[in-house]
Enquirer: 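Could you have a look at this structure, given as structure tokens, before my questions?
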There are 2 protein chains.
Amino acid sequence: MTERNTKGRILDAAERLFARDGFHATSLRNITREASVNLAAVNYHFGSKEALISEVISRRMVPINRMRMGRLRAVMAESVNQQARPDVSEILSVFFRPTLVFLETSSQAKEFVTIIGRAMPEPDDTVRNILIGHLEPVFRYLLEILCFALPHVPYRVLYWRLQFALGAFSHVMRTARDPIFMPDDLKPEEDIGSIIDVLIPFLTAGMEEAVE
Amino acid sequence: MTERNTKGRILDAAERLFARDGFHATSLRNITREASVNLAAVNYHFGSKEALISEVISRRMVPINRMRMGRLRAVMAESVNQQARPDVSEILSVFFRPTLVFLETSSQAKEFVTIIGRAMPEPDDTVRNILIGHLEPVFRYLLEILCFALPHVPYRVLYWRLQFALGAFSHVMRTARDPIFMPDDLKPEEDIGSIIDVLIPFLTAGMEEAVE
DNA sequence: GTCTATAGATTGATAGAC
DNA sequence: GTCTATCAATCTATAGAC
């Protein structure tokens with residue numbers, strides 16, 4: 001299912017290597033070798049390594065976040081209609097599940113899950129800001145809806161709880177395929193969806209916990 | 001409170017710069033300039049950049065983890081004595097609070113909190129394994145005690161929940177001083193202890209949540 | 001122990017032929 | 001659009017004088 005054209009081949013190879021080795025440790029030479037294209041092709045098609053990183057992130061993040069925003073709006077609208085508080089577990093599902101939407105259609109896209117987890121803690125500001133720019137509107141809307149869902153929890157506490165959720169999520173997305181500290185009598189999960197099934201009740205309980 | 005000798009000056013400067021810019025983006029030239037020592041001093045005193053990274057991490061992690069293990073054993077012993085299950089909130093406190101132990105004594109050590117959060121998601125295996133090597137025995141013992149505390153939660157679920165806790169913790173340690181997505185009407189916490197005060201009830205609720 | 005000078009390797013980017 | 005060849009900058013690490 002590899003892309004035929006050079007640009008697509010570069011994007012796929014970059015996605016694979018960024019996921020495996022990180023952004024900084026992956027050189028343009030590694031990428032073009034993996035993609036079987038010429039070194040100069042990256043700068044011809046993308047302009048710079050940074051622009052390539054941006055493209056690798058954007059081509060998946062844009063549709064994922066469009067899906068997230070649409071579903072969050074639906075959850076909010078339904079809540080207003082029924083004059084009921086939105087369900088925290090559903091809010092979190094709507095945020096996390098779209099990450100997996102590509103996994104059924106493309107084996108290549110599995111790499112991307114790791115990339116999200118890599119970009120979040122990236123020390124390089126320019127790289128991290130690419131992800132942050134995509135996530136910021138979603139985060140704000142998510143926080144707003146959580147305020148409706150959990151009016152008894154202070155705003156400041158909800159902000160930090162949402163940060164905890166983000167941290168837990170990015171950590172397991174990054175390490176899911178090669179989990180650290182895994183005891184010998186446990187096996188890595190075969191698919192990431194089953195980790196999210198454990199994650200959502202965990203986070204929901206934490207979100208809903210009363211503040212004394 | 002800066003160290004007088006060259007070795008200590010290098011360690012402090014490296015800690016500061018690793019925290020701010022990450023391990024990979026910080027060159028030995030940056031470090032020696034910041035420490036006002038000669039470039040060759042790093043290889044004279046430490047042998048290599050990797051060995052310096054290891055030292056920066058170890059000099060704080062060793063005493064922190066010794067404290068953690070001691071307190072965890074105490075929690076476990078008290079539980080056996082009283083024939084009661086250990087308290088989840090206390091277990092988590094015993095793990096998280098020692099991170100802050102240096103903060104009262106040394107302003108320099110504030111940087112280290114960020115470093116833990118940086119080393120955990122580090123793509124470079126050799127760097128990440130330095131931290132993992134320190135944390136592994138603590139993680140295993142922590143998981144064991146959680147099994148005692150929460151016998152109704154399956155082992156596999158507890159493993160992942162502890163991973164979520166680790167992810168949330170490292171994420172906020174890394175971003176606490178410059179939080180992402182911070183709304184205009186919120187201010188960064190003045191000290192990290194107050195974030196941990198929010199974190200522990202959140203994680204405790206998630207840990208204790210019943211599994212259907 | 002501290003310094004200068006430099007080796008040796010790798011990187012992102014580009015000029016210019018085809 | 002694709003290629004070769006190369007520039008200029010960076011890095012870690014080390015040899016050798018003091």
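Reminder, nothing fancy here: chain letters follow the sequence lines and each chain counts from 1.
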Enquirer: Can you tell if the side chain of B:Leu11 reaches within under 4.5 Å of the side chain of B:Leu52, non-hydrogen atoms only?
Expert: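 Answer yes - side chains close enough.
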Enquirer: If you measure from the Lys or Arg side-chain nitrogens to the Asp or Glu carboxylate oxygens, is any gap between A:Arg9 and A:Asp12 under 4.0 Å?
Expert: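 No.
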Enquirer: With a 4.0 Å cut-off on N to O distance, would you call A:Asp21 and A:Arg16 a salt bridge?
Expert: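 Salt bridge between A:Asp21 and A:Arg16, a charged N being under 4.0 Å from a carboxylate O: no.
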Enquirer: Can you tell me the distance, in whole Å, between the CZ atom of A:Arg29 and the C1' atom of D:dA5?
Expert: 11 Å
Enquirer: May I have the distance from B:Lys49 (atom NZ) to C:dA9 (atom C1'), rounded to whole angstrom?
Expert: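 Distance, rounded to whole Å: 15 Å.
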Enquirer: Using atom CG of A:Leu39 as one end and atom C1' of C:dT11 as the other, report the distance to the nearest whole Å.
Expert: 10 Å
Enquirer: OP1, OP2 of C:dT10 versus side-chain N and O of A:Ser27: anything below 4.0 Å?
Expert: no
Enquirer: Send over the distance from B:Lys7 NZ to C:dT2 C1', rounded to a whole Å.
Expert: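 So the two atoms are 16 Å apart, to the nearest Å.
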Enquirer: Taking only the side-chain heavy atoms of B:Leu28 (C-beta and beyond), determine which of D:dA13, D:dG1, C:dT4 contains the nearest atom.
Expert: D:dA13
Enquirer: Identify whether the distance between the nearest side-chain nitrogen and carboxylate oxygen of A:Glu136 and A:Arg140 falls below 4.0 Å.
Expert: yes
Enquirer: Which of the following nucleotides, C:dT2, C:dC3, D:dA5, is nearest to the side chain of B:His45?
Expert: C:dT2
Enquirer: Nearest whole angstrom, please: distance from the P of D:dT10 to the CG of A:Asp124.
Expert: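 The distance from CG of A:Asp124 to P of D:dT10 comes to 16 Å, rounded to the nearest Å.
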Enquirer: Using only side-chain N and O atoms of A:Thr6, determine if any of them is under 4.0 Å from OP1 or OP2 of D:dT2.
Expert: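 Answer is yes, contact under 4.0 Å.
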Enquirer: Counting only side-chain N and O atoms of A:His24, is one of them less than 4.0 Å from OP1 or OP2 of C:dT11?
Expert: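 No, no such contact exists.
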Enquirer: Tell me: CD1 of A:Ile53 to C1' of C:dT11, nearest whole Å?
Expert: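 Result: 13 Å.
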Enquirer: Please confirm whether the shortest side-chain N or O distance from A:Asn38 to OP1 or OP2 of D:dT4 is below 4.0 Å.
Expert: yes
Enquirer: Do B:Phe112 and B:Phe102 have their ring centres less than 6.0 Å from each other?
Expert: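 Ring-ring flag for B:Phe112/B:Phe102: false, centres at least 6.0 Å apart.
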Enquirer: Please work out if A:Ala41 contacts a base, only the sugar-phosphate, or nothing of the nucleic acid, heavy-atom cut-off 4.0 Å.
Expert: nothing
Enquirer: Let me know, please, whether A:Asn43 or B:Tyr44 comes out on the 5' side of the other along DNA chain C by nearest nucleotide.
Expert: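 Residue closer to the 5' terminus by nearest nucleotide: B:Tyr44.
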Enquirer: Round to a whole Å and report the spacing from CD1 of B:Ile31 to P of D:dA13.
Expert: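 That distance rounds to 11 Å.
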Enquirer: In whole Å, I'd like the distance from the CZ atom of A:Arg33 to the P atom of C:dG12.
Expert: 12 Å
Enquirer: What nucleotide, of D:dA13, C:dC3, D:dC3, holds the atom closest to the side chain of B:Ser48?
Expert: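 The closest nucleotide is D:dA13.
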